[in-house]
Amino acid sequence: NKRIVHASPQLLSIRVRQAGHGHSLREHLSSVLKISNRQAKTLLDTQRVLVNGQRIWMAHHTLHNGDIVEVPRNLIKSGTRPVTLSILKR
C-alpha cells in the first residue's frame, strides 16, 4: 500500500503507492500516520508538509502514485508512525 522511508533525520518521507493514488493528502496522512482526519488537517495547517519537494497545505490535494510526502518529524507525536521503515536512496 504505502511505504514509509527515511530521507533525513528531520523529515519522515512517505512514498505514495498505487493504493494511495487519487486520495487526498489529508486522508493519506491520516491513514499512514494512524491519526484522525482532524489531526492530519492540523498538521497541514502548519504549512510544513511537502509533496515532491513543494509545500502543500491544502487538505484535498490529490496524490498520485510515486509522490513523496515529507513531514517534519518534530510535528509527529511519538508512537503514531509504524515501526517498520524502509530506506529510500536518492
Side-chain angles (χ1 to χ4, degrees):
N1 290 7
K2 301 158 187 99
R3 176 182 249 176
I4 297 181
V5 294
H6 285 286
S8 78
Q10 295 83 24
L11 293 175
L12 176 69
S13 292
I14 306 161
R15 180 177 305 193
V16 177
R17 296 298 199 148
Q18 187 62 37
H21 178 81
H23 289 175
S24 73
L25 179 56
R26 187 199 67 222
E27 291 170 334
H28 193 69
L29 288 173
S30 176
S31 173
V32 172
L33 299 177
K34 302 192 184 330
I35 58 176
S36 70
N37 280 328
R38 181 176 286 181
Q39 288 170 314
K41 176 66 172 112
T42 300
L43 186 64
L44 291 169
D45 288 343
T46 67
Q47 297 188 11
R48 293 179 57 205
V49 176
L50 305 176
V51 177
N52 298 326
Q54 295 188 348
R55 191 173 314 278
I56 302 290
W57 59 88
M58 297 184 64
H60 294 288
H61 176 82
T62 302
L63 296 174
H64 303 282
N65 189 29
D67 283 351
I68 301 292
V69 179
E70 296 176 302
V71 181
R73 289 182 185 276
N74 63 344
L75 297 180
I76 303 169
K77 293 180 184 174
S78 62
T80 59
R81 59 179 197 267
V83 176
T84 306
L85 300 175
S86 302
I87 295 176
L88 171 67
K89 295 182 181 180
R90 291 186 183 229

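Side chains included, hydrogens not; waters and symmetry mates left out as well; all remaining heavy atoms used.
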So, taking the atom named [atom1] in [X] and the one named [atom2] in [Y], what distance separates them when rounded to the nearest 0.5 Å?
| X | Y | atom1 | atom2 | value |
| --- | --- | --- | --- | --- |
| Leu25 | Lys41 | CG | NZ | 10.0 Å |
| Leu12 | Glu70 | CG | CD | 9.0 Å |
| Leu29 | Ser36 | CG | OG | 11.5 Å |
| Arg26 | Ser24 | CZ | OG | 4.5 Å |
| Glu27 | Thr62 | CD | OG1 | 9.0 Å |

Looking at every non-hydrogen atom in both residues, tell me the closest pair between Asn65 and His21 and how far apart they are.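 Of all heavy-atom pairs spanning Asn65 and His21, the closest is N-ND1, 3.0 Å.
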
Which atom pair, heavy atoms only, marks the closest approach of Ser30 to Ala40?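 Distance-wise, the nearest heavy atoms are N-CB, 4.0 Å.
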
Do Ile14 and Ile76 land in one hydrophobic cluster if side-chain heavy atoms of ILVMFWY residues count as linked below 4.5 Å?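 In one cluster: yes.
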
Within one Ile-Leu-Val-Met-Phe-Trp-Tyr cluster: Val71 and Leu50, side-chain cutoff 4.5 Å: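 In one cluster with Val71: Leu50, no.
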
Please tabulate, for side-chain N and O atoms in residues 51-60, each donor-acceptor pair with protein atoms closer than 3.5 Å (sequence neighbours left out).
residue : atom : partner : partner atom : Å
Asn52   : OD1  : Ile68   : N            : 2.9
Asn52   : ND2  : Asp67   : OD1          : 2.8
Arg55   : NH1  : Gln47   : O            : 2.8

Contact check, side chains of Leu33 and Leu43, non-hydrogen atoms, under 4.5 Å: yes

Are Asn74 and Arg48 close enough that some pair of their side-chain heavy atoms sits under 4.5 Å apart? yes

